[in-house]
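Report on the structure given below.
Side-chain atoms are counted along with the backbone in the values below, which use heavy atoms only and exclude waters and symmetry mates. Naming convention: chains lettered A, B, ... in sequence-line order (proteins, then strands); numbering from 1 in each chain.
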Amino acid sequence: METLHITNTLNRKKEKFEPLVEGHVGLYVCGPTVYSTAHLGNVRTFLSFDIVYRYLKHLGYKVRYVRNITDVGHITNSAGDDVDSIGNQAKLENLEPMEIVQKYTISFHDTMKIFNLEAPSIEPTATGHIVEQIEMVQRIIDNGYAYEKNGSVYFDVPKFAKEHSYGKLSGRNIDEQQDGYRELDAQDEKNDPRDFAIWKGVDETFPMRWNSPWGEGVPGWHLECSVMSTKYLGQKFDIHGGGMDLKFPHHDCEIAQSIGADGTEPVRYWMHTNMLTMNGQKMSKSLGNSVLPLELISGNHELLEQGYSPMTIRFFMLQSHYASQLDLSNDALQAAEKGYKRLANAFDLLDKVEHNGKENISDEEEKAVLKLIQDCSVYMNDDFNTAQTLAVLFEMSNKINAIYNKQFDISLLSKATFDKMKATFAAFFTNVLGLKSEKSEGSNGVTDGLMDLILEIRKSARENKDWTISDKIRDELKALNIVVKDEKDGGTTWTVG
RNA sequence: GGUCGAAUGGCCGAGUGGCUAGGCAGUGCUCUGCAAAAGCAUCUACAGCGGUUCGAAUCCGCUUUCGACCUCCA
């Protein structure tokens with residue numbers, strides 16, 4: 001594929017991507033609710049959109065990437081009681097709601113950084129856009145798609161559905177939804193069980209609340225995304241993403257709200273990432289099978305045999321397509337760890353291999369490498385196929401390794417092609433896939449100096465064919481997790497891990 | 001019950017109507033003082049049953065199994 005194609009979950013078809021404004025892309029992703037630590041499933045979704053963001057930029061687009069922070073606890077009805085997730089957590093931790101928000105926002109940012117995710121261009125908060133949310137509620141009321149009851153405002157789904165399509169993202173038929181709903185609670189004031197709150201009146205027992213034309217309350221869950229995407233990207237914008245589990249009701253409601261308020265279908269390309277599973281089941285807090293990023297890195301979790309580095313985890317996730325379910329398991333992670341190391345090792349060699357200037361070009365080899373170079377883009381253009389792109393990088397690493405170890409005659413390639421392969425490998429490894437070498441993190445000036453000294457001593461031992469000493473040094477270092485490699489040309493390298 | 005999506009070799013995972021994805025593990029060879037790494041070669045596949053087709057793991061139907069959403073979730 002010469003140009004980027006994206007699977008649009010609105011129609012489940014792979015479509016050619018053409019931005020609204022040439023050269024610019026507006027990207028909105030539903031961010032986290034900051035009332036607890038993000039788990040790995042959350043990381044997977046944001047990682048998937050990190051790739052989208054990075055690749056769009058790689059293609060030369062100017063991207064405005066908006067990812068919100070939900071810092072208003074949505075009011076949910078649990079066992080007849082209204083509960084606000086952030087307020088609830090604040091009570092548990094004996095903190096102010098905004099302290100909870102601050103604590104978990106920082107934690108979220110730290111986690112994103114650990115996995116080398118780029119920060120979005122704008123990270124707006126729900127609490128920072130209360131005014132705009134009230135205004136949007138008013139527009140929806142003015143347009144006749146919402147009604148006020150006892151200080152709350154509800155979106156009138158049946159009325160909207162008569163004039164527009166409702167539930168098309170999730171493929172839901174409005175008329176068939178009646179049965180699936182629970183019996184109305186006695187205090188439920190909606191006209192129809194399918195209606196949803198866009199403003200929810202609360203009393204003084206809720207610490208987070210704002211004044212509005214309908215009394216004190218909090219904005220509805222779905223509203224903030226509609227408001228902030230409209231504010232920063234416009235009434236109509238290019239890409240809206242999120243986890244599959246947000247398709248319904250969250251995203252279907254967003255569409256309804258935008259049309260209800262401004263008469264505009266807001267999103268041109270919807271993207272949904274699939275779930276990370278653990279033992280075949282969706283990872284979620286309520287199921288109690290979630291793994292926290294730091295637990296996976298340290299290995300400190302009852303289901304884990306060992307810890308895995310952040311880049312191993314990133315690589316592991318990139319080996320599958322974002323739209324497929326991915327199951328977390330020790331076997332898969334261990335395989336990923338070795339695979340990542342192999343690729344990272346080739347990346348580290350890029351600086352050490354140079355073309356010798358002699359060209360005795362083989363058409364076949366030249367063509368094969370040129371195809372690899374092109375394939376990186378071809379596969380990324382095909383709905384961000386990171387798995388295939390990694391496969392191409394592995395093929396390039398074969399070449400790079402072979403050249404480095406003099407198992408392949410570099411003169412069979414032109415200097416131009418060879419240099420292009422190096423540049424492509426580096427660009428896709430670091431900029432597009434967001435991987436980096438973790439090697440250097442175990443060393444510093446002192447270790448480097450010590451290692452030089454030790455290896456110098458070992459070198460003289462080897463020159464004297466004193467294998468006892470040289471092997472002892474190698475074995476003892478190995479016990480310290482330092483791997484020593486003797487290379488063909490007589491040199492010796494070392495790595496941690 | 002409704003909606004949607006899966007089922008690929010020992011494991012993980014891409015994927016297209018005809019052309020060996022890739023990684024991990026295994027086997028053989030080369031290189032090497034020995035290792036390690038690396039390179040080359042090689043072995044295990046497309047849930048089952050029908051259908052469409054010159055040709056299907058890929059399209060269609062049925063069966064079985066599994067998952068997601070329908071309540072907060074990325």
Q. Would A:H251 and A:H222 count as a ring-ring contact (aromatic ring centres under 6.0 Å, His included) if you check the C-alpha gap in whole Å, the side-chain angles of each, and the deciding distance to 0.1 Å?
A. CA-CA 8 Å; A:H251 290 156; A:H222 314 301; 9.2 Å; no
Can you measure [X] atom [atom1] to [N] atom [atom2] for me and round it to whole angstrom units?
X: A:L246; N: B:A68; atom1: CG; atom2: C1'; answer: 12 Å
X: A:R462; N: B:U32; atom1: CZ; atom2: P; answer: 12 Å
X: A:K352; N: B:A38; atom1: NZ; atom2: P; answer: 14 Å
X: A:Q334; N: B:G10; atom1: CD; atom2: C1'; answer: 15 Å
X: A:L433; N: B:G22; atom1: CG; atom2: P; answer: 18 Å
X: A:K478; N: B:A36; atom1: NZ; atom2: P; answer: 9 Å
X: A:F315; N: B:G22; atom1: CZ; atom2: P; answer: 13 Å
X: A:D471; N: B:A36; atom1: CG; atom2: P; answer: 12 Å

For [X], report the nucleic acid contact type (base, sugar-phosphate, nothing); a contact means any heavy atom under 4.0 Å.
X: A:A332; answer: sugar-phosphate
X: A:L343; answer: nothing
X: A:S85; answer: nothing
X: A:T277; answer: nothing
X: A:S320; answer: sugar-phosphate
X: A:V484; answer: base
X: A:K485; answer: base
X: A:E395; answer: sugar-phosphate

Q. Going by atom types alone, do A:T312 and A:E337 pair a side-chain donor with an acceptor below 3.5 Å?
A. no
Can you find a side chain N or O atom of [X] that sits less than 4.0 Å from OP1 or OP2 on [N]?
X: A:N42; N: B:A74; value: yes
X: A:N398; N: B:C40; value: yes
X: A:N401; N: B:G39; value: yes
X: A:R342; N: B:A38; value: yes

Could you give the distance separating [M] and [N] at their [atom1] atoms, to the nearest angstrom?
N: B:C70; M: B:C60; atom1: P; answer: 27 Å
N: B:U65; M: B:G48; atom1: P; answer: 16 Å
N: B:G50; M: B:G5; atom1: P; answer: 26 Å
N: B:G15; M: B:A7; atom1: C1'; answer: 15 Å
N: B:A35; M: B:U27; atom1: P; answer: 15 Å
N: B:G55; M: B:G18; atom1: P; answer: 14 Å

Do [X] side-chain and [N] base share a donor-acceptor contact under 3.5 Å?
X: A:R12; N: B:C4; value: no
X: A:D486; N: B:C34; value: yes
X: A:N274; N: B:G5; value: no
X: A:R44; N: B:A74; value: no
X: A:Q407; N: B:A38; value: yes

Under a 3.5 Å cut-off for both contacts, is [N] paired Watson-Crick or G-U wobble with anything, and if yes, with which nucleotide?
N: B:C34; result: none
N: B:C11; result: B:G23
N: B:C69; result: B:G2
N: B:G18; result: B:C54

Check the angle between the aromatic planes of [X] and [Y] and answer parallel, tilted or perpendicular using the 30° and 60° thresholds.
X: A:F108; Y: A:F46; answer: perpendicular
X: A:F160; Y: A:Y166; answer: perpendicular
X: A:F429; Y: A:F347; answer: parallel

Q | Which residue lies more 5' along RNA chain B, comparing A:K285 with A:G280 via nearest heavy atoms | A | A:G280
Q: Map A:Q281 and A:H250 onto RNA chain B by nearest heavy atom, then report which one ends up closer to the 5' terminus.
A: A:Q281
Q. Is the number of heavy atoms from other residues, nucleotides or ligands under 6.0 Å of A:K478 NZ greater than 12?
A. no
**Q.** Stacking of A:W467 on B:G33 base (centres under 5.5 Å, planes under 30°)
**A.** yes
Q: Could you please name the option among B:G2, B:A21, B:G13 that lies closest to any side-chain atom of A:R172?
A: B:G2
Q) Nearest to the side chain of A:Q319 - B:C69, B:G22, B:A37? A) B:G22
Q: Could you tell me whether A:E476 and A:K472 make a salt bridge, using a distance below 4.0 angstrom between a side-chain N and a carboxylate O?
A: yes
